Amino acid sequence: MLLNEVVEKLPNMSKCLERGKVVIIRIDINSPIVDGKILDDYRIRAHAQTLRLASEAGVKSVVLAHQGRPGQDDFTSLEVHKPYLEKYVERPIKFVDDVAGPEARRQIRELRDGEILLLENVRLLAEEVIERVPEAQAETYLVKKLAPLGHYFVFDGFAVAHRSQPSVVGFPMVLPSCIGPVFERELRALGAVFERRGEGVMLLAGGAKIPDTLKAVEQLLKNNFVEKVAVGGLVGFVFAVAKYGLLNDEIRREVERGGYLPHVERARQLLAKYGNKIHVPVDFAVERGGRIDVDVYSLSQAPLDIGRSTILLFKEVVEQGDIVIFSGPMGYIENKVFATGTVELLRAAAKKRLILGGGHTIMAAEMAGVLDRAFHVSTGGRAFIQTLGGEEMPAVKALLMSAKKFWP
Ligand SMILES: Nc1ncnc2c1ncn2[C@@H]1O[C@H](COP(=O)(O)OP(=O)(O)OP(=O)(O)O)[C@@H](O)[C@H]1O
Ligand SMILES: O=C(O)[C@H](O)COP(=O)(O)O
């Protein structure tokens, strides 16, 4: 089913906003956090509107979200996110240091119309990070404890839509469910791209999510959803190794260290099939006491950005399109010196209809001063690239099942 058709089949949030009812809302405010501080609040800003709409409609909102993964440095309490939500929703948010235990349930029961209660990081529950089919997730502690207190479920967390986790797919099995505005916007924007059947659609694919990106490139080209692809970042490195056979000792070591060998093979297959549509870097920037550009055949260390000639070539690709999808940076943007390729191409792409996604890509667009000019800024990272790759999101599947069951 095409994405646009999917959106039409899913109940819109207004259907779940009934004054006085308890609505469980899953959002994704997972943000880059260092030393307990949120570095970028883009996702929080995006979801603020959802919560404001719910509050204005007089529903009792119970908000489920996660931050980080257990064991990682950014696995923190959502108390850190509360002031940001309050700032953007422009109303007080209650927070409870509990997910589905007696205290959380007591506070849900005491909610008044229009109030918003943020529950603690849902990934504190070990079961939340286990992916299983929706029917099994409906039997989890989280869903068993919270669903009986709720009347509706709203799924708005596009960025986590690719996870078959209890807070994503469990509730739609037992509660009438709707899609939230963030999720709906994402599906419509990507659906509109697919509708173009490739005409004038260019993909700039970089970053570090190599297997996901290879899959997306393959799907998009196979289905004629894009006209041309230009690859940078670590993805571009893998394609360059595949195209030019760059396997001197240093590059071989880099490829082995990164575990890129199977990806190089896959890239080679893609080039054999769609070589005329895939643009591969012809030079790279490397660190040698500063930034210097080297021709691909002289490459003998890990590249950190695409080089000047490649930037010019990729700008020509951008010029030929009227929609540009930008997924993943062209280089190591954490160091400004190696952000040039990404920044220059983002600026060129912003003159077109620019669709971008991924935390680092958004950060780069902010750096380039073009975030406000983008046609669509996706809140998804992996979810964005997987949707481009044509994968069916578990959240979509569960919501379709729910719609059939509760609103046939
Ligand atoms: N040539 C390169 N060498 C080293 N790192 C690179 C290179 N090109 C890109 N990267 C790194 O890739 C990462 C971003 O890739 P990723 O695919 O995660 O992007 P994203 O989807 O925009 O971000 P996120 O995963 O945060 O949503 C950054 O840390 C960037 O420094
Ligand atoms: O940041 C993301 O991509 C989403 O919040 C999903 O996070 P996850 O990859 O840890 O499931």
Side-chain angles (χ1 to χ4, degrees), residues 26-33 39-40 42-44 46-47 64-72 74-75 78 81 121-123 128-131 156-165 167-168 182 186 204-214 216 231-241 254 257-258 260 281 283-287 291 299 301-307 310 325-342 345-346 356-367 371 377-388 393-395:
R26 174 57 157 116
I27 58 175
D28 190 325
I29 48 175
N30 186 29
S31 306
I33 291 192
L39 298 186
D40 179 70
Y42 180 74
R43 284 183 178 166
I44 304 178
H47 284 290
L64 272 172
H66 73 276
Q67 172 61 50
R69 297 175 186 169
Q72 293 186 344
D74 65 346
F75 182 58
L78 293 186
H81 304 63
N121 188 342
V122 65
R123 290 190 177 173
E128 175 64 13
V129 288
I130 302 170
E131 299 200 55
D156 203 31
F158 173 68
V160 76
H162 60 303
R163 299 278 180 215
S164 198
Q165 293 170 340
S167 70
V168 177
V182 170
E186 299 271 7
L204 295 189
K209 292 194 266 298
I210 301 171
D212 282 327
T213 306
L214 287 172
V231 286
L234 293 173
V235 177
F237 174 53
V238 162
F239 269 100
V241 173
E254 272 310 315
R257 195 168 29 229
Y260 302 148
D283 61 348
F284 285 108
V286 296
E287 160 69 53
R291 176 187 172 119
L299 189 69
Q301 69 193 91
L304 293 173
D305 194 9
I306 51 173
T310 306
I325 305 173
F326 206 117
S327 165
M330 295 288 122
Y332 179 61
I333 53 160
E334 287 85 342
N335 181 340
K336 231 177 159 189
V337 170
F338 296 105
T340 313
T342 310
L345 284 165
L346 274 167
L356 59 96
H360 286 88
T361 313
I362 291 174
M363 230 160 74
E366 254 163 3
M367 213 190 278
L371 193 61
V377 180
S378 175
T379 52
R382 204 170 285 270
F384 177 62
I385 195 81
Q386 287 191 4
T387 307
L388 287 176
M393 299 284 104

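Numbering of ligands and ligand atoms starts at 1, following listing order. Small disclaimer: the values here were computed from a predicted structure and weren't measured.
For the pair Asp305 and ligand 1, the shortest N or O to N or O distance does not fall below 3.5 Å. Annotation: Gly233 places no N or O atom under 3.5 Å from an N or O atom of ligand 1; distance criterion only.
Taking every non-hydrogen atom of Leu304 and a distance limit under 4.0 Å, the qualifying atoms of ligand 1 come out as 1 (N), 3 (N). The atoms of ligand 2 that sit less than 4.0 Å from any heavy atom of Arg123 are 7 (O), 8 (P), 10 (O), 11 (O). Of all atoms in ligand 2, numbered sequentially from 1 with element shown, those under 4.0 Å from a heavy atom of Asn30 are 1 (O), 2 (C), 4 (C), 5 (O), 7 (O). Interface of Gly381 with ligand 1, defined as ligand atoms under 4.0 Å from a residue heavy atom, comprises 27 (O). The atoms of ligand 1 that sit less than 4.0 Å from any heavy atom of Ile333 are 31 (O). The atoms of ligand 2 that sit less than 4.0 Å from any heavy atom of Arg43 are 1 (O), 2 (C), 3 (O), 4 (C), 5 (O).
Judged purely by atom type and a 3.5 angstrom limit, Thr361 uses its side chain to pair as donor or acceptor with the backbone of Gly328. Although no hydrogens or angles enter the test, the distance criterion places a donor-acceptor pair under 3.5 Å between the side chain of Glu131 and the main chain of Ser164. The closest donor-acceptor contact from the side chain of Arg43 to the backbone of Thr379 lies under 3.5 Å. No donor-acceptor pair closer than 3.5 Å links the side chain of Asp305 to the backbone N or O of Ala285. Using a distance-only test at 3.5 Å, with no hydrogens or angles considered, no donor-acceptor pair links the side chain of Asn121 to the main chain of Leu78. The main-chain N or O of Val182 is found under 3.5 Å from a side-chain atom of Asp156 such that the two form a donor-acceptor pair. Proximity of a side-chain donor or acceptor of Tyr260 to a complementary backbone N or O of Phe237 within less than 3.5 Å is not detected. Distance alone, capped at 3.5 Å, is enough to place a donor-acceptor pair between the Asn30 side chain and the Gly68 backbone.
In this structure, His66 is part of the shell of residues with a heavy atom less than 4.0 angstrom from ligand 2. Put simply, part of Pro329 is less than 4.0 Å from ligand 1, judged by heavy atoms. Not a single heavy atom of Phe237 lies less than 4.0 angstrom from ligand 1.
For atom 6 (C) of ligand 2, the closest non-hydrogen atom on the protein side is Ala159 O, 3.6 Å. At the top of the distance list for atom 9 (C) of ligand 1, counting protein heavy atoms only, stands Gly331 O, 3.2 Å. Ranking the protein heavy atoms by distance from atom 5 (O) of ligand 2 puts Asp28 OD2, 2.7 Å first. The protein heavy-atom contact nearest to atom 18 (O) of ligand 1 is Lys209 NZ, 3.3 Å. If you check which protein heavy atom lies closest to atom 10 (O) of ligand 2, you get Arg69 NE, 2.7 Å. When hydrogens are left out, the protein atom nearest atom 11 (O) of ligand 2 is Arg163 NE, 2.6 Å; that is the closest non-hydrogen contact. Here the heavy atom of the protein found nearest to atom 26 (O) of ligand 1 is His360 ND1, 2.8 Å. For atom 27 (O) of ligand 1, the closest heavy atom belonging to the protein is Gly359 N, 2.6 Å. Nearest non-hydrogen protein atom to atom 22 (O) of ligand 1 is Thr361 OG1, 2.6 Å. Among all protein heavy atoms, the one lying closest to atom 15 (O) of ligand 1 is Ala208 N, 3.1 Å. The protein non-hydrogen atom at the shortest distance from atom 29 (O) of ligand 1 is Glu334 OE2, 2.6 Å.
Only the backbone of Pro303 comes within contact range of ligand 1, with a heavy atom under 4.0 Å; no side-chain atom does.
Phe384 is not listed as a side-chain neighbour of Leu356, based on a closest heavy-atom distance of 4.5 Å or more. No side-chain heavy atom of Leu39 sits under 4.5 Å from any side-chain heavy atom of Met363. Inter-residue side-chain proximity for Val129 and Pro70 is flagged as met; some heavy-atom pair is nearer than 4.5 Å.
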Can you list the steps and then say if Gln67 with Asp74 is a side chain to side chain contact (heavy atoms under 4.5 Å, CB included)? CA-CA 7 Å; Gln67 172 61 50; Asp74 65 346; 3.8 Å; yes
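If you check the side chains of Glu128 and His66, you find no donor sitting under 3.5 Å from an acceptor.
Between His360 and Pro329 the shortest heavy-atom distance is CB-CG, 4.0 Å.
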